[in-house]
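Counting from 1, the numbers follow the sequence of the chain as shown. Below, each value reflects all heavy atoms present in this structure, side chains not excepted, and no hydrogens, waters or symmetry copies.
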Amino acid sequence: MPLGMRSSSDVEYSAVGEGLGMRDFWLYVWLRRVSVVAAHIISLGLFILISILSRPGTSLFSWHPVCMSLGFCLCMTEGILLFSAEGTPFCFKSRKWKVRLHWFFQALLLVCGATGLCFMVASKNIKENSHFTSWHSLLGLTTMAATVLQAICGVILLFPKLISTYSFPRWRLYHATCGLVAYLLATITVMSAMFTDWFQASVTGTIWYIFLLLPLFPALVVMNQITSAFLPKKKITS
């Protein structure tokens, strides 16, 4: 198709605020900004709190929660939310820089995930414990696999000349879908960690329930951002 021409199937879509009045629209935008800022704060807070509870350096295993929370609670969340226009500290950057920052966070995520996995395996080897016998460890392994899969889709998108023009939007959808699945798996894995003997020995009572619910909020914000970007919106009528 010649450049500058559009097919009859091309449709313009509204991004947000379908059918809302002006007052409701601005309330909706404000709530989105507040929720994104809250997701940033919660993700950073989870990393800091888990790091404090882990007391890094006291044992080999103590580095496992630190690495995993840095990768999956902080880097993974920031790598997705930086594409949000509401309340992200990277909103002033061009899309080119956002993509670069996205790759930096995702690369750091993979490094942290692999490092945390190595610390956990080394700790179990020293104690002569069996590997991957709990739900938390199995979920973590599945999350790592999904994270690697979405990274592969992302690598393919880095070289658009290797795929056809018509396949590029499909690969973007694959990448976003794998990313959403990986994030939701990471959220479930983090929540399952709070049922382990290590965590329950440090956190009990009402605070434990607060910790259990905290990862859900960033997950809802991320899920809303991805689905809003890739699911069809209502057609704008003139």
Side-chain angles (χ1 to χ4, degrees), residues 39-40 42-51 53-54 56 60-83 102-125 129-157 171 173-200 203 211-227 230:
H40 285 295
I42 291 173
S43 300
L44 178 60
L46 277 173
F47 164 62
I48 293 174
L49 292 172
I50 291 175
S51 297
L53 292 174
S54 302
L60 273 178
F61 177 79
S62 66
W63 291 104
H64 171 73
V66 175
C67 292
M68 291 307 193
S69 60
L70 173 60
F72 289 95
C73 291
L74 187 59
C75 292
M76 197 176 202
T77 303
E78 294 301 321
I80 297 173
L81 291 183
L82 65 86
F83 289 107
H102 174 74
W103 267 104
F104 170 77
F105 282 123
Q106 296 307 304
L108 187 57
L109 160 64
L110 291 173
V111 171
C112 289
T115 305
L117 181 62
C118 289
F119 276 120
M120 185 270 291
V121 171
S123 176
K124 284 185 174 289
N125 284 339
N129 292 335
S130 301
H131 296 287
F132 306 113
T133 57
S134 65
W135 279 109
H136 173 65
S137 59
L138 293 175
L139 283 168
L141 195 62
T142 305
T143 301
M144 282 296 298
T147 303
V148 171
L149 182 60
Q150 65 89 20
I152 292 173
C153 293
V155 170
I156 293 174
L157 290 175
W171 277 104
L173 181 60
Y174 292 160
H175 180 52
T177 303
C178 289
L180 178 58
V181 170
Y183 193 93
L184 294 179
L185 283 171
T187 301
I188 296 172
T189 304
V190 170
M191 294 177 68
S192 69
M194 298 172 189
F195 290 92
T196 61
D197 294 337
W198 166 78
F199 192 85
Q200 292 188 339
V203 181
F211 263 100
L212 182 65
L213 296 176
L214 277 178
L216 289 175
F217 188 83
L220 290 173
V221 174
V222 166
M223 183 168 62
N224 178 69
Q225 178 179 315
I226 294 177
T227 54
F230 287 91

Problem set entry | Check: Thr177 and Phe230 side chains under 4.5 Å, non-hydrogen atoms | no
Return all side-chain donor-acceptor pairs below 3.5 angstrom for residues 102-117, not counting sequence neighbours, or 'none' if the list is empty.
unit_1: His102; atom_1: ND1; unit_2: Gly79; atom_2: O; d: 2.6
unit_1: Gln106; atom_1: OE1; unit_2: Gln150; atom_2: NE2; d: 3.3
unit_1: Thr115; atom_1: OG1; unit_2: Val111; atom_2: O; d: 2.7

Problem set entry | Value rounded to 0.5 Å, distance of CZ in Phe195 from CG in Leu212 | 5.0 Å
Exercise. Is there a side-chain contact between Gln225 and Leu81, using heavy atoms and a 4.5 Å cut-off?
Worked result: yes
Exercise. Is there a donor-acceptor pair closer than 3.5 Å between any side-chain N or O of Ser123 and the backbone N or O of Phe119?
Worked result: no
Problem set entry | Evaluation steps, side-chain contact (heavy atoms from CB on, under 4.5 Å), between Met120 and Phe132 | CA-CA 10 Å; Met120 185 270 291; Phe132 306 113; 4.0 Å; yes
For this session: For residues Trp198 and Val203, determine if any side-chain heavy atom of one lies less than 4.5 Å from a side-chain heavy atom of the other.
Result: no
Exercise. Quick one: does Phe199's side chain get under 4.5 Å of Phe211's, heavy atoms only?
Worked result: yes
For this session: Looking only at non-hydrogen atoms, find the nearest pair between Thr143 and Phe72 and report the distance.
Result: CG2-CE2, 3.6 Å
Exercise. Above 12 or not: heavy atoms from other molecules or residues under 6.0 Å from CG of Asp197?
Worked result: no
Exercise. Quick one: do the Tyr183 and Thr147 side chains pair a donor with an acceptor below 3.5 Å?
Worked result: no
Please tabulate, for side-chain N and O atoms in residues 213-224, each donor-acceptor pair with protein atoms closer than 3.5 Å (sequence neighbours left out).
none

Exercise. Does a side-chain heavy-atom distance below 4.5 Å link Ser51 with Ser69?
Worked result: yes
Exercise. Is there side-chain contact between Cys67 and Leu70, with at least one heavy-atom pair below 4.5 Å?
Worked result: no
Exercise. CG/Leu138 to NE2/His131 distance, rounded to the nearest 0.5 angstrom?
Worked result: 13.0 Å
Exercise. When you look at Ser130 and Thr133, which way does the side-chain contact (heavy atoms from CB on, under 4.5 Å) test go after all the steps?
Worked result: CA-CA 7 Å; Ser130 301; Thr133 57; 3.6 Å; yes
Seminar exercise, completed: Interatomic distance, CD1@Ile226 vs CG@Leu180, rounded to 0.5 Å, equals 4.5 Å
Exercise. Tell me, do Ser54 and Phe61 make a side-chain contact under 4.5 Å, heavy atoms counted?
Worked result: no
Exercise. Which atom pair, heavy atoms only, marks the closest approach of Cys73 to Ser43?
Worked result: O-CB, 3.2 Å
Exercise. With Ser192, which residues qualify under side-chain hydrogen bond (donor to acceptor under 3.5 Å, both in side chains), at least two apart?
Worked result: His136
Problem set entry | Side-chain donor or acceptor of Ser134 paired with backbone N/O of Ser137 under 3.5 Å | yes
